[in-house]
Amino acid sequence: MNHLPTVLITGASSGIGSVYAERFARRGHDLVLVARDKARLETLAARLREESGVTVDLLPADLTRPADLATVEARLRDDARIGILINNAGIAQSGGFTEQSADSIDPLVTLNILALTRLAAAVAPRLASAGNGAIVNIGSVVGLAPEFGMSVYGATKAYVLFLSQGLSLELSPKGVYVQAVLPAATRTEIWERAGIDINTLSEVMDVGELVDAALVGFDRRETVTIPPLHVAERWDTLDASRQGLLSDIRQARAAERYRSAD
Ligand code: NAP
């Protein structure tokens with residue numbers, strides 16, 4: 001019997017999720033892999049069982065479909081072996097805001113925000129009552145940068161960062177570790193799927209390097225891990241500056257500059 005916690009990984013059929021699966025398998029964790037493409041999950045699972053001797057369960061699901069999402073939520077709620085959730089499945093978009101249609105906005109927001117939040121909510125009470133476990137949410141540096149011109153995608157990732165910071169504050173006193181991972185451009189299929197030519201991007205990180213760096217942050221129990229950020233103090237300064245606002249933003253009176261002259 002495996003005494004390490006089982007890891008449930010969403011978006012495990014390719015890219016960052018599939019590398020997380022490989023790395024946790026190498027560490028000896030059993031896995032539950034979630035994505036839509038069952039054939040790809042089966043191929044990955046067979047390889048990982050063979051290479052690492054771990055148990056790999058498949059949970060094919062389209063997380064934008066309510067019934068599928070409910071199935072994964074139930075697994076997270078009920079399977080006490082699952083101690084780590086890697087909330088990774090996500091999609092991007094191409095084009096500016098005026099080019100977005102309801103059909104493109106809907107799955108983006110549903111997958112990147114709604115599914116991620118509901119999966120975290122499904123597992124958190126059980127982990128909190130056990131007094132241990134981890135939730136890893138994959139955000140993006142785009143969530144820090146409206147200037148990058150991916151407004152809806154970036155907004156979903158800003159949400160992931162905020163949610164992770166809030167959950168960390170709520171859950172770490174209960175023994176549950178919450179990490180936000182913010183990759184920059186990483187060589188995966190996400191770009192092609194969004195209709196963006198990866199060759200137009202500069203400074204693209206290898207997916208193995210990204211996940212290995214994220215796992216260094218995981219092992220250190222960092223709340224926010226930004227693998228491409230070389231000068232760590234830049235994040236510390238930004239966060240300290242934000243925290244500096246906290247004592248100022250709760251006021252009964254409007255600021256002087258907003259009071260009318262009369
Ligand atoms: P990817 O290779 O396209 O992987 C996305 C994964 O999500 C796939 O396994 C895909 O599998 C799954 N997925 C997509 N739609 C789904 C749905 N409706 N239901 C269930 N699973 C679904 O992209 P990636 O780069 O590894 O992306 C992983 C995460 O990293 C995303 O949250 C992304 O926003 C974030 N990220 C990526 C980059 C980058 O440059 N690559 C940068 C910053 C952040 P199926 O198609 O089989 O469902």
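Computation of the quantities below employed the complete heavy-atom set of this structure, encompassing side-chain atoms and omitting hydrogens, waters and symmetry-equivalent molecules. Order of appearance sets the numbers: ligands from 1, and atoms from 1 within every ligand.
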May I have a table of the N/O to N/O pairs between ligand 1 and the protein that fall below 3.5 Å, each row giving the two atom names and the distance to 0.1 Å?
residue: ligand 1; atom: 2 (O); partner: Ser14; partner atom: OG; Å: 2.8
residue: ligand 1; atom: 3 (O); partner: Ile190; partner atom: N; Å: 3.4
residue: ligand 1; atom: 3 (O); partner: Arg193; partner atom: NE; Å: 2.9
residue: ligand 1; atom: 4 (O); partner: Ser14; partner atom: OG; Å: 3.2
residue: ligand 1; atom: 9 (O); partner: Gly11; partner atom: O; Å: 3.0
residue: ligand 1; atom: 9 (O); partner: Ser13; partner atom: N; Å: 3.2
residue: ligand 1; atom: 9 (O); partner: Ser13; partner atom: OG; Å: 2.8
residue: ligand 1; atom: 9 (O); partner: Ser14; partner atom: N; Å: 3.4
residue: ligand 1; atom: 11 (O); partner: Ser13; partner atom: OG; Å: 2.8
residue: ligand 1; atom: 15 (N); partner: Arg36; partner atom: NH2; Å: 3.3
residue: ligand 1; atom: 18 (N); partner: Asp62; partner atom: OD1; Å: 2.9
residue: ligand 1; atom: 19 (N); partner: Leu63; partner atom: N; Å: 2.8
residue: ligand 1; atom: 23 (O); partner: Thr188; partner atom: OG1; Å: 3.4
residue: ligand 1; atom: 25 (O); partner: Thr188; partner atom: OG1; Å: 2.5
residue: ligand 1; atom: 26 (O); partner: Ile16; partner atom: N; Å: 2.8
residue: ligand 1; atom: 32 (O); partner: Asn88; partner atom: O; Å: 2.8
residue: ligand 1; atom: 32 (O); partner: Lys157; partner atom: NZ; Å: 2.9
residue: ligand 1; atom: 34 (O); partner: Tyr153; partner atom: OH; Å: 2.7
residue: ligand 1; atom: 34 (O); partner: Lys157; partner atom: NZ; Å: 3.0
residue: ligand 1; atom: 40 (O); partner: Thr186; partner atom: N; Å: 2.7
residue: ligand 1; atom: 40 (O); partner: Thr186; partner atom: O; Å: 3.3
residue: ligand 1; atom: 40 (O); partner: Trp191; partner atom: NE1; Å: 3.0
residue: ligand 1; atom: 41 (N); partner: Thr186; partner atom: O; Å: 3.1
residue: ligand 1; atom: 41 (N); partner: Thr188; partner atom: OG1; Å: 3.0
residue: ligand 1; atom: 46 (O); partner: Arg36; partner atom: NH2; Å: 2.9
residue: ligand 1; atom: 46 (O); partner: Arg193; partner atom: NH1; Å: 2.8
residue: ligand 1; atom: 47 (O); partner: Ser13; partner atom: OG; Å: 2.8
residue: ligand 1; atom: 47 (O); partner: Arg36; partner atom: N; Å: 3.3
residue: ligand 1; atom: 47 (O); partner: Asp37; partner atom: N; Å: 2.9
residue: ligand 1; atom: 48 (O); partner: Arg36; partner atom: N; Å: 2.8
residue: ligand 1; atom: 48 (O); partner: Arg36; partner atom: NE; Å: 2.7

Would you mind writing out the side-chain donor-acceptor pairs for residues 118-127 within the sub-3.5 Å range, not counting sequence neighbours?
residue: Arg118; atom: NE; partner: Glu73; partner atom: OE2; Å: 2.9
residue: Arg118; atom: NH2; partner: Glu73; partner atom: OE1; Å: 2.7
residue: Arg126; atom: NE; partner: Leu76; partner atom: O; Å: 3.0
residue: Arg126; atom: NE; partner: Arg77; partner atom: O; Å: 3.2
residue: Arg126; atom: NH1; partner: Ile82; partner atom: O; Å: 3.1
residue: Arg126; atom: NH2; partner: Leu76; partner atom: O; Å: 2.9
residue: Arg126; atom: NH2; partner: Asp79; partner atom: O; Å: 3.1
residue: Arg126; atom: NH2; partner: Ile82; partner atom: O; Å: 2.8

*Have Thr10 and Asn88 got a donor and an acceptor in their side chains that come within less than 3.5 Å?*
no
CD1 of Ile198 to CD of Glu192, rounded to nearest 0.5 Å, is 9.0 Å
In Thr156, Thr117, Asn87, the residue satisfying side-chain hydrogen bond (donor to acceptor under 3.5 Å, both in side chains) with Asn112 is Thr156
Those residues at least two apart in sequence (or on a different chain) that pass salt bridge (Lys or Arg N to Asp or Glu O under 4.0 Å) with Asp57 are Arg75
Going by chain and number, the hydrophobic cluster around Leu246 (ILVMFWY, side chain to side chain under 4.5 Å) further includes Leu245, Ile249
